[in-house]
Amino acid sequence: MPVAKWNGAVLAKSDTYETVEGNIYFPPDSLSREHFKPSATHTTCPWKGEASYYSVEVDGKTNADAAWYYPEPKPAASNIQGYVAFWKGVTVER
């Protein structure tokens with residue numbers, strides 16, 4: 001079961017997930033929401049659409065824009081709508 005961790009905290013854990021381009025995308029209900037803060041950052045992927053970001057906060061430390069998701073992906077990426085992936089030092093273990 002994939003688990004996303006940062007700074008000693010479990011950010012997400014789920015036995016259902018999607019894998020796209022080598023990244024594990026966790027379903028929204030698997031997140032430990034107390035660690036997520038909305039970010040104003042957005043990026044665009046040619047085939048997935050516009051990504052939104054969360055900063056992650058654990059024990060007073062912030063990892064800016066460490067999680068991303070596609071609130072309204074293009075049709076080719078509809079399977080990851082609202083699902084969250086991680087980077088910037090967040091470890092994802094299977």
Side-chain angles (χ1 to χ4, degrees):
M1 172 182 311
V3 178
K5 296 179 182 177
W6 183 73
N7 200 30
V10 173
L11 304 177
K13 180 178 179 179
S14 181
D15 57 1
T16 59
Y17 58 92
E18 295 288 334
T19 303
V20 177
E21 296 179 328
N23 295 301
I24 292 178
Y25 284 78
F26 290 84
D29 63 357
S30 71
L31 305 179
S32 298
R33 289 278 177 189
E34 68 272 16
H35 298 300
F36 292 79
K37 304 296 179 208
S39 169
T41 301
H42 297 280
T43 58
T44 303
C45 171
W47 73 272
K48 292 183 293 244
E50 185 178 71
S52 295
Y53 287 76
Y54 291 115
S55 292
V56 175
E57 295 182 2
V58 176
D59 293 334
K61 295 184 180 179
T62 300
N63 190 345
D65 299 334
W68 76 91
Y69 64 100
Y70 292 88
E72 296 178 20
K74 292 183 176 183
S78 63
N79 61 314
I80 59 168
Q81 183 169 4
Y83 279 47
V84 177
F86 298 94
W87 67 325
K88 290 189 160 184
V90 175
T91 59
V92 177
E93 304 166 355
R94 289 191 192 204

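One is the number of the first residue; the rest follow in order along the sequence. What you are looking at is a predicted structure, and each value in this text was computed from that prediction instead of being measured. In what follows, every heavy atom counts, from backbone to side chain, and hydrogens, waters and symmetry copies are set aside.
Contacts of Glu72 classified as salt bridge (charged side-chain N to carboxylate O under 4.0 Å, His left out), with partners at least two apart in sequence or in another chain: none. Residues forming a side chain to side chain contact (heavy atoms under 4.5 Å, CB included) with Ser14 (at least two apart in sequence, or on another chain): Thr16, Phe26, Pro27, Ser30. Partners of Ser52 according to the side chain to side chain donor-acceptor pair (under 3.5 Å) rule, which considers only residues two or more places apart in sequence or in another chain, are His42. Listed by chain and residue number, Lys48 satisfy the salt bridge (charged side-chain N to carboxylate O under 4.0 Å, His left out) test with Glu21 (two or more places apart in sequence, or in another chain). Scored by the side chain to side chain contact (heavy atoms under 4.5 Å, CB included) test, Ala76 finds Trp47 as partners (sequence neighbours excluded). Judged as a salt bridge (charged side-chain N to carboxylate O under 4.0 Å, His left out), and not counting sequence neighbours, the contacts of Lys5 are Glu93. A search for side chain to side chain donor-acceptor pair (under 3.5 Å) contacts involving Tyr69 returns nothing, not counting sequence neighbours. Listed by chain and number, the residues in a side chain to side chain donor-acceptor pair (under 3.5 Å) with Glu18 are Asn79 (sequence neighbours excluded).
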Before giving the answer on side-chain contact (heavy atoms from CB on, under 4.5 Å), spell out for Tyr53 and Thr43 the whole-Å C-alpha distance, their side-chain angles and the decisive distance to 0.1 Å.
CA-CA 9 Å; Tyr53 287 76; Thr43 58; 2.9 Å; yes
Stepwise side-chain contact (heavy atoms from CB on, under 4.5 Å) check, Leu11 with Val58
CA-CA 9 Å; Leu11 304 177; Val58 176; 4.2 Å; yes
Which atom pairs, donor and acceptor, lie under 3.5 Å between side-chain atoms of residues 59-68 and protein residues at least two apart or in another chain?
{"from": "Asn63", "atom 1": "ND2", "to": "Lys88", "atom 2": "O", "distance (Å)": "2.7"}
{"from": "Asp65", "atom 1": "OD1", "to": "Ser39", "atom 2": "OG", "distance (Å)": "2.5"}
{"from": "Asp65", "atom 1": "OD1", "to": "Thr41", "atom 2": "OG1", "distance (Å)": "3.3"}
{"from": "Asp65", "atom 1": "OD2", "to": "Thr41", "atom 2": "OG1", "distance (Å)": "2.8"}
{"from": "Trp68", "atom 1": "NE1", "to": "Tyr25", "atom 2": "OH", "distance (Å)": "3.0"}

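The other members of the hydrophobic cluster of Val10, by chain and number, are Val3 (side-chain heavy atoms under 4.5 Å, ILVMFWY only). Through side-chain heavy atoms spaced under 4.5 Å, either directly or across other Ile, Leu, Val, Met, Phe, Trp or Tyr residues, Met1 is tied to no other residue.
Cys45 approaches Tyr70 most closely through the heavy-atom pair CB-OH, 3.7 Å.
A side-chain donor-acceptor contact under 3.5 Å links Gln81 to the backbone of Pro71.
Interatomic distance, Ile80 CD1 to Thr19 OG1, rounded to the nearest 0.5 Å: 10.5 Å. Once rounded to the nearest 0.5 Å, the distance linking CZ of Phe86 with CG of Leu31 reads 5.5 Å.
Using a 4.5 Å cut-off between side-chain heavy atoms of Ile, Leu, Val, Met, Phe, Trp and Tyr, with links allowed through other members, Val20 and Tyr17 fall into different hydrophobic clusters.
Among residue pairs with one or both ends in residues 28-40, none qualify as salt bridge (Lys or Arg N to Asp or Glu O under 4.0 Å); sequence neighbours excluded.
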